[in-house]
Amino acid sequence: MSRYSALIAEKMGWARKEAQDILYAAPMHDVGKIGIPDNILMKPGKLTDEEFDTMKTHPTMGAKILAESKAEILRIAQVIAISHHEKWNGRGYPQGLAGDKIPIAGRIVGLADVFDALTSKRPYKVPYPVEVAVDIIQKERGQHFDPDVADVFLENIDEFVKIKEEVGSAEDVSLADFLRSERDQTDGGT
């Protein structure tokens with residue numbers, strides 16, 4: 001999803017360094033999930049209202065984890081962490097921000113995160129076909145998503161699919177593919 005975010009930023013005319021910054025900051029968007037119990041994170045079914053309320057605390061926890069850093073990437077990551085679940089129409093969380101009040105980095109990563117979540121396997125769902133994800137994003141343009149960010153995504157869907165295919169080949173790798181080498185099995189390896 002970081003590559004999706006950087007591609008959106010590039011297509012929106014961001015300078016190369018700014019697009020690179022979002023590439024490095026975006027993967028930290030869910031760092032606050034380290035404070036969410038595994039039984040909620042890995043639950044195969046629908047979350048209860050109480051579980052969802054707990055899940056909705058992860059943006060604030062993530063922002064606290066990343067707070068007060070002097071590193072530019074971590075400051076950008078903090079903005080993304082707190083704002084990536086806000087919605088264009090103001091019905092997101094944790095702050096209920098709407099429209100341009102949502103930082104642009106959060107709007108970009110929010111869309112990239114949704115596309116990635118929809119098209120990836122999760123404990124609670126099978127991956128949706130790209131066409132279904134695109135349809136959902138089109139329908140949520142101007143509601144969940146910034147219309148400009150959604151338009152950039154939709155106009156460049158072929159490039160996003162290409163990234164998905166490249167990344168997807170890595171998702172097919174199993175830990176069993178990484179057998180310990182002879183060197184790892186000697187006295188020095190553990």
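Positions are given from 1, in the same order as the sequence printed here. Bear in mind that the values here come from a model prediction, so they are computed numbers and not experimental data.
- A donor-acceptor pair under 3.5 Å is formed between the side chain of Thr54 and the backbone N or O of Glu50.
- For His29, the ring pair (Phe, Tyr, Trp, His ring centres under 6.0 Å) partners two or more places apart in sequence, or in a different chain, are His84.
- Under a 3.5 Å cut-off, the side chain of Glu51 and the backbone N or O of Thr48 do form a donor-acceptor pair.
- Here the closest heavy-atom approach between residue Lys11 and residue Glu159 is recorded as NZ-OE2, 3.0 Å.
- Among residues two or more places apart in sequence or in another chain, the ring pair (Phe, Tyr, Trp, His ring centres under 6.0 Å) test is passed with Phe145 by none.
- Here the shortest heavy-atom pairing between Gly142 and Pro147 reads CA-CG, 3.9 Å.
- Applying the side chain to side chain donor-acceptor pair (under 3.5 Å) test to every pair with at least one member in residues 146-156, sequence neighbours left out, gives these pairs: Arg107-Asp146, Arg141-Asp151.
- Across all their heavy atoms, Ala9 and Ile22 have their closest contact at CB-CG2, 4.1 Å.
- With hydrogens and angles ignored, the 3.5 Å screen pairs no side-chain donor or acceptor of Lys164 with any backbone N or O of Phe115.
- Heavy atoms only, all atoms of each residue included: Ile80 and Ala105 are closest at CG1-CB, 3.8 Å.
- Closest non-hydrogen pair, Leu97 versus Pro103, comes out as CD1-CD, 4.4 Å.
- Annotation: cation-pi geometry not satisfied between Lys162 and Phe160 (NZ/CZ under 6.0 angstrom from ring centroid, within 45° of ring axis).
- A salt bridge between Lys17 and Glu72 is present, with a side-chain N of the basic residue lying under 4.0 Å from a carboxylate O of the acidic one.
- Other residues, nucleotides and ligands contribute at most 12 non-hydrogen atoms within 6.0 Å of the OH atom of Tyr128.
- Under the 4.5 Å side-chain heavy-atom criterion for grouping Ile, Leu, Val, Met, Phe, Trp and Tyr, Val152 is connected to Ile108 within one hydrophobic cluster.
- Judged by distance alone, the side chain of Ser120 and the main-chain N or O of Ala117 form no donor-acceptor pair under 3.5 Å.
- Side chains of Ile65 and Gln78 form no contact here, defined as non-hydrogen atoms less than 4.5 Å apart.
- Remark: the His144 side chain and the Asn89 side chain contain no N/O donor-acceptor pair separated by less than 3.5 Å.
- More than 12 heavy atoms of other residues, nucleotides or ligands sit less than 6.0 Å from atom CZ of Arg122.
- Proximity of a side-chain donor or acceptor of Lys43 to a complementary backbone N or O of Lys46 within less than 3.5 Å is detected.
- Within 6.0 Å of NZ in Lys33 there are more than 12 heavy atoms belonging to other residues, nucleotides or ligands.
- Here the shortest heavy-atom pairing between Ala150 and Leu111 reads CA-CD1, 3.7 Å.
- Judged by distance alone, with hydrogens and angles left aside, the side-chain atoms of Glu86 form a donor-acceptor pair with the main-chain N or O of Gly96 at under 3.5 Å.
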| Arg3/Glu166 under salt bridge (charged side-chain N to carboxylate O under 4.0 Å, His left out): CA gap, chis, key distance, verdict | CA-CA 11 Å; Arg3 288 180 61 195; Glu166 290 170 7; 2.6 Å; yes
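- Between the side chain of Lys125 and the backbone N or O of Leu118 there is at least one donor-acceptor pair closer than 3.5 Å.
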